[in-house]
2 protein chains.
Amino acid sequence: MSVDDAEALPERTRRRRAPKPHAAGVKAVAAAAGVSLGTVSNVLNRPEVVSPLTRAKVEAAMASLGFVRNESARQLRAGSSRILAYVMLDAGNPFFTDVAKGVEEAAQAAGLSVFLCTSSEDADREAAYLDLLEQQRVQGILITPIDQNSSRLRKLPSRGTPVVVVDRALDDASHCSVAVNDVLGGELAISHLLELGHERIAYVGGPNTIGQVIDRRDGARRALRTAGKPTTNLIELTTGALTVAEGRGAGQRLAGLPADRRPTAAFCANDLLALGLLQQCVSLGLRVPEDLAIVGYDDIEFAEAAAVPLTSVRQPRQLLGRTAAELLLDESSNPDHEHQRVTFTPELVVRTSTRGTL
Amino acid sequence: MSVDDAEALPERTRRRRAPKPHAAGVKAVAAAAGVSLGTVSNVLNRPEVVSPLTRAKVEAAMASLGFVRNESARQLRAGSSRILAYVMLDAGNPFFTDVAKGVEEAAQAAGLSVFLCTSSEDADREAAYLDLLEQQRVQGILITPIDQNSSRLRKLPSRGTPVVVVDRALDDASHCSVAVNDVLGGELAISHLLELGHERIAYVGGPNTIGQVIDRRDGARRALRTAGKPTTNLIELTTGALTVAEGRGAGQRLAGLPADRRPTAAFCANDLLALGLLQQCVSLGLRVPEDLAIVGYDDIEFAEAAAVPLTSVRQPRQLLGRTAAELLLDESSNPDHEHQRVTFTPELVVRTSTRGTL
DNA sequence: GCACTCTCTTGAAACCTTTCATCCAAAACT
DNA sequence: AGTTTTGGATGAAAGGTTTCAAGAGAGTGC
């Protein structure tokens with residue numbers, strides 16, 4: 001991004017605006033329909049208990065007055081919210097929007113709505129959103145956290161806001177988590193590269209505070225150990241974020257190395273990095289996979305459509321989101337809910353970027 | 001999407017959960033700190049008017065009780081919300097997440113938070129979110145609407161919720177809008193293809209209820225007329241949505257045509273369609289651009305990294321979002337706000353998918 | 001006709017905060 | 001010393017909804 005926005009000069013046209021309105025509440029509706037406050041409330045919340053005739057009168061009054069229920073007041077009195085929130089790491093990463101889709105599916109099935117928030121890998125933003133959501137008394141929070149040990153995160157459930165951690169297996173007794181085994185994923189990727197005969201392999205990822213980055217690297221190391229190779233064969237290229245732009249930067253660094261010291265393969269902590277790396281390397285004249293084999297992670301939709309279709313580690317994205325939402329719903333409705341740690345298994349999808357054309 | 005989720009069997013581990021908590025309000029804080037309700041409220045909202053000593057006492061009490069302000073009650077009494085919402089067409093389209101990034105930037109600068117909602121091109125979902133947000137009394141709504149003539153949308157501002165329409169130039173006196181000239185964009189795309197000598201051109205897009213789809217097609221037709229060609233040279237392939245999967249479907253249909261009737265170029269209503277089309281055509285053996293030139297729309301980040309780098313019509317995405325948010329903020333704070341219609345100009349970015357290798 | 005159900009409707013209390021006019025004590029004047 | 005000013009703290013009222021115990025009518029059975 002950020003290539004964007006060459007500050008184009010827009011055309012503007014102006015208009016005067018309409019005067020400020022004033023809202024009608026249940027009281028006004030009750031008066032207009034000639035019934036009591038309680039009846040209006042019943043129409044809103046338990047329509048079956050009010051007679052068809054009165055209900056019709058009340059509904060007509062609502063329509064003609066343009067009544068809009070004040071959710072703050074409702075929630076204050078009733079104590080419950082009909083909203084879930086999902087705090088994502090990065091809305092620009094299709095992996096998370098796919099997870100979000102799963103969340104929405106499950107929420108919709110339960111009659112709830114979902115608000116999406118994005119921390120953009122910034123701890124302060126994440127903290128600000130968590131505070132806000134807690135103050136809003138949302139029914140629950142789904143989050144892919146930046147810092148899984150944040151005290152804010154741990155305190156939330158004890159104060160009454162259920163939390164489910166998504167895409168991170170967190171061994172904390174205070175909430176559920178749903179994850180994919182990232183260590184195994186890293187192992188799958190590297191084993192595949194080792195089988196293809198690669199010896200010097202780069203690991204592209206960062207910052208090293210993000211759990212996914214760490215686990216995938218650990219898996220990579222484990223694969224090396226299992227194969228009896230020294231883990232120094234894994235050359236780490238640390239990036240500042242998990243974005244296409246950072247991937248390009250890593251490609252620049254990689255391509256700059258002399259051919260005899262350059263790794264013959266790269267395993268990237270996610271597909272955005274891999275796509276950036278791929279693009280940069282190709283444009284600098286490296287052939288993929290001949291000069292450099294590349295493995296990504298997440299198997300986002302664009303991985304298959306890349307310049308060289310990308311080998312990647314697939315995760316069940318929507319299922320992840322759906323499961324997380326279901327756990328959250330269970331936690332907030334089922335009195336003897338037990339916290340769970342659900343772990344899915346990733347799967348390697350081999351494409352041209354490692355295997356070449358067959 | 002939806003290729004996802006082969007219903008992997010996860011492992012689950014269970015744990016007993018902690019007992020239910022109970023919240024502390026201002027009253028409890030006041031008691032604990034030995035001050036009055038009003039003082040606690042002052043610490044929260046106007047810390048400068050309370051003496052450092054009492055403030056410290058109150059803050060200590062808050063911390064030890066784990067006080068969390070009840071935003072519903074605050075909002076009910078104070079009447080104002082600190083939240084904006086952006087209702088997107090499709091969170092899976094990087095174009096919209098880039099717009100969202102611009103919105104967040106502007107909101108953050110003004111000390112507000114943004115909730116993202118996604119209608120997924122479903123009119124009912126859009127309606128449900130609009131109702132919800134209105135009931136929440138959010139400070140304002142940014143929306144890329146499915147149906148720009150929705151009565152719900154038009155009524156919103158008259159009831160007190162400011163609305164700014166994003167990526168659609170809407171000539172309605174009730175709200176601001178920020179858009180990019182889609183007709184011009186379509187024209188740019190087709191003129192480019194005409195210059196390259198193409199005669200039979202496909203237009204891939206749909207459903208035809210979406211404004212962007214219509215405008216870009218109209219621009220395409222206009223370019224043909226300007227060049228003195230019949231608009232029947234534009235062969236319409238209507239899709240059910242603006243997604244990669246639908247693009248693949250269109251590719252299937254296109255590649256199935258006999259070579260002498262098949263268009264030599266395709267203009268897609270967005271990049272997701274174009275990427276799907278590209279991928280499918282290539283895998284069916286068509287060469288791009290020799291057998292089929294392709295032009296996309298939006299110039300998302302993945303367009304450049306595609307199998308064949310995609311020619312596309314670029315829009316100032318973040319700027320679009322930022323401008324929209326600024327208009328919304330002006331509307332809700334400036335008493336003599338005037339509604340505006342801001343129109344940016346798109347730009348054609350030529351890449352290999354039309355021009356071939358030079 | 002009387003007692004009793006049953007179906008709807010009612011109105012006051014409660015939810016938690018913010019606001020604002022008032023009050024207090026100490027400091028600053030005359 | 002007496003009066004005004006000032007910096008802080010106070011507490012009752014208000015905001016729009018839901019809840020719930022209680023009431024009102026109409027219908028039923030004897």
Side-chain angles (χ1 to χ4, degrees), chain A residues 21-59 61-62 65-83 131-132 134-138 159-161, chain B residues 21-59 61-62 65-83 131-132 134-138 159-161:
Chain A
H22 214 64
V26 271
K27 203 178 307 189
V29 172
V35 299
S36 76
L37 262 56
T39 300
V40 177
S41 176
N42 281 337
V43 171
L44 249 20
N45 303 296
R46 280 174 302 280
E48 69 281 3
V49 312
V50 21
S51 75
L53 185 75
T54 11
R55 192 192 326 168
K57 277 194 301 188
V58 172
E59 279 165 353
M62 284 180 174
L65 290 171
F67 169 76
V68 177
R69 181 213 234 120
N70 184 324
E71 175 67 20
S72 296
R74 203 219 104 244
Q75 189 171 320
L76 172 59
R77 174 64 236 229
S80 75
S81 159
R82 312 255 67 196
I83 294 173
D131 285 349
L132 180 66
E134 187 180 22
Q135 292 176 183
Q136 293 273 346
R137 303 288 194 274
V138 294
R159 293 207 204 103
T161 306
Chain B
H22 214 65
V26 272
K27 203 179 304 188
V29 172
V35 299
S36 76
L37 261 55
T39 300
V40 176
S41 175
N42 281 336
V43 171
L44 248 21
N45 303 297
R46 282 174 300 281
E48 69 283 3
V49 313
V50 22
S51 77
L53 185 75
T54 17
R55 194 196 320 173
K57 277 194 300 187
V58 173
E59 279 165 352
M62 284 180 174
L65 290 170
F67 169 77
V68 177
R69 184 214 233 116
N70 184 324
E71 175 67 19
S72 296
R74 203 218 103 243
Q75 190 171 318
L76 172 59
R77 176 64 238 231
S80 75
S81 159
R82 313 254 67 195
I83 294 172
D131 285 349
L132 181 65
E134 186 180 23
Q135 291 176 184
Q136 292 274 347
R137 303 288 195 271
V138 294
R159 292 207 204 104
T161 306

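First the proteins, then the strands, lettered A, B, ... as listed; each starts at 1. If you're wondering where the values come from, they're calculated on a predicted model, not measured in any experiment.
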Rounded to 10°, the angle between the first-five-pair and last-five-pair axes of the helix from C/dG1-D/dC30 to C/dT30-D/dA1 is 40°
Partner residues of [X] under the side chain to side chain donor-acceptor pair (under 3.5 Å) criterion, sequence neighbours left out:
X       : answer
A/Asn45 : A/Ser41, A/Arg69
A/Thr54 : A/Ser51
A/Ser72 : B/Gln75
A/Asn42 : A/Arg46

I need the A/Leu44 CG to A/Arg55 CZ distance, nearest 0.5 Å.
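Spacing of CG (A/Leu44) from CZ (A/Arg55) equals 12.0 Å.
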From A/Ser81 OG over to A/Gln136 CD, what is the distance, rounded to the nearest 0.5 angstrom?
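Here the rounded value is 8.0 Å.
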Under 4.0 Å, counting only non-hydrogen atoms across every strand here, what does A/Ser51 touch: a base, just sugar-phosphate, or nothing? sugar-phosphate
* Mind checking B/Val40 for me? I need base, sugar-phosphate or nothing, with any heavy atom below 4.0 Å counting as a touch. =>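 Nothing: the residue B/Val40, judged by heavy atoms under 4.0 Å, touches no strand.
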Q: With sequence neighbours excluded, tell me which residues meet salt bridge (charged side-chain N to carboxylate O under 4.0 Å, His left out) with B/Arg74.
A: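 With sequence neighbours excluded, B/Arg74 shows a salt bridge (charged side-chain N to carboxylate O under 4.0 Å, His left out) to B/Glu71, given in chain and number order.
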Bounded by its outermost nucleotides with an atom under 4.0 Å from a heavy atom of chain B, the footprint on DNA chain D reads D/dG8 to D/dG16
How long is the line joining [atom1] of [X] and [atom2] of [N], in whole Å?
X        : N      : atom1 : atom2 : answer
A/Arg55  : C/dT7  : CZ    : P     : 15 Å
B/Asn70  : C/dC15 : CG    : C1'   : 8 Å
A/Arg137 : C/dT17 : CZ    : C1'   : 11 Å

For a quick test of reading the model: is some side-chain N or O of B/Ser72 closer than 4.0 Å to OP1 or OP2 of C/dC15?
no
Are B/Arg82 and A/Leu132 packed together at the side-chain level, in the sense that at least one heavy-atom pair is separated by less than 4.5 angstrom?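 B/Arg82 vs A/Leu132: side chains apart.
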Handout entry: A/Arg137 side chain reached by A/Thr161 side chain, heavy atoms, under 4.5 Å
Key =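 No, every pair of side-chain atoms sits at 4.5 Å or beyond.
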Give me the distances for all protein-to-nucleotides 19-23 of chain C N/O pairs that come in under 3.5 Å?
from, atom 1, to, atom 2, distance (Å)
C/dT19, OP2, B/Arg46, NH1, 3.2

Task: 5'-most by nearest nucleotide on DNA chain D - B/Arg74 or A/Arg74 - done: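 Counting from the 5' end, the first nearest nucleotide belongs to B/Arg74.
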With DNA chain D as reference, determine whether B/Glu48 or A/Val68 sits nearer its 5' end, using the nearest nucleotide of each.
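Upstream on the strand: B/Glu48.
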Residue pairs passing the side-chain hydrogen bond (donor to acceptor under 3.5 Å, both in side chains) test with at least one member in residues 26-36 of chain B, sequence neighbours excluded, are B/Ser36-B/Thr39
Report the residues that fulfil side chain to side chain contact (heavy atoms under 4.5 Å, CB included) with A/Ala28, sequence neighbours left out, ordered by chain and then residue number.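 Scan of A/Ala28 (side chain to side chain contact (heavy atoms under 4.5 Å, CB included), adjacent residues dropped) gives A/Ala24, A/Leu65.
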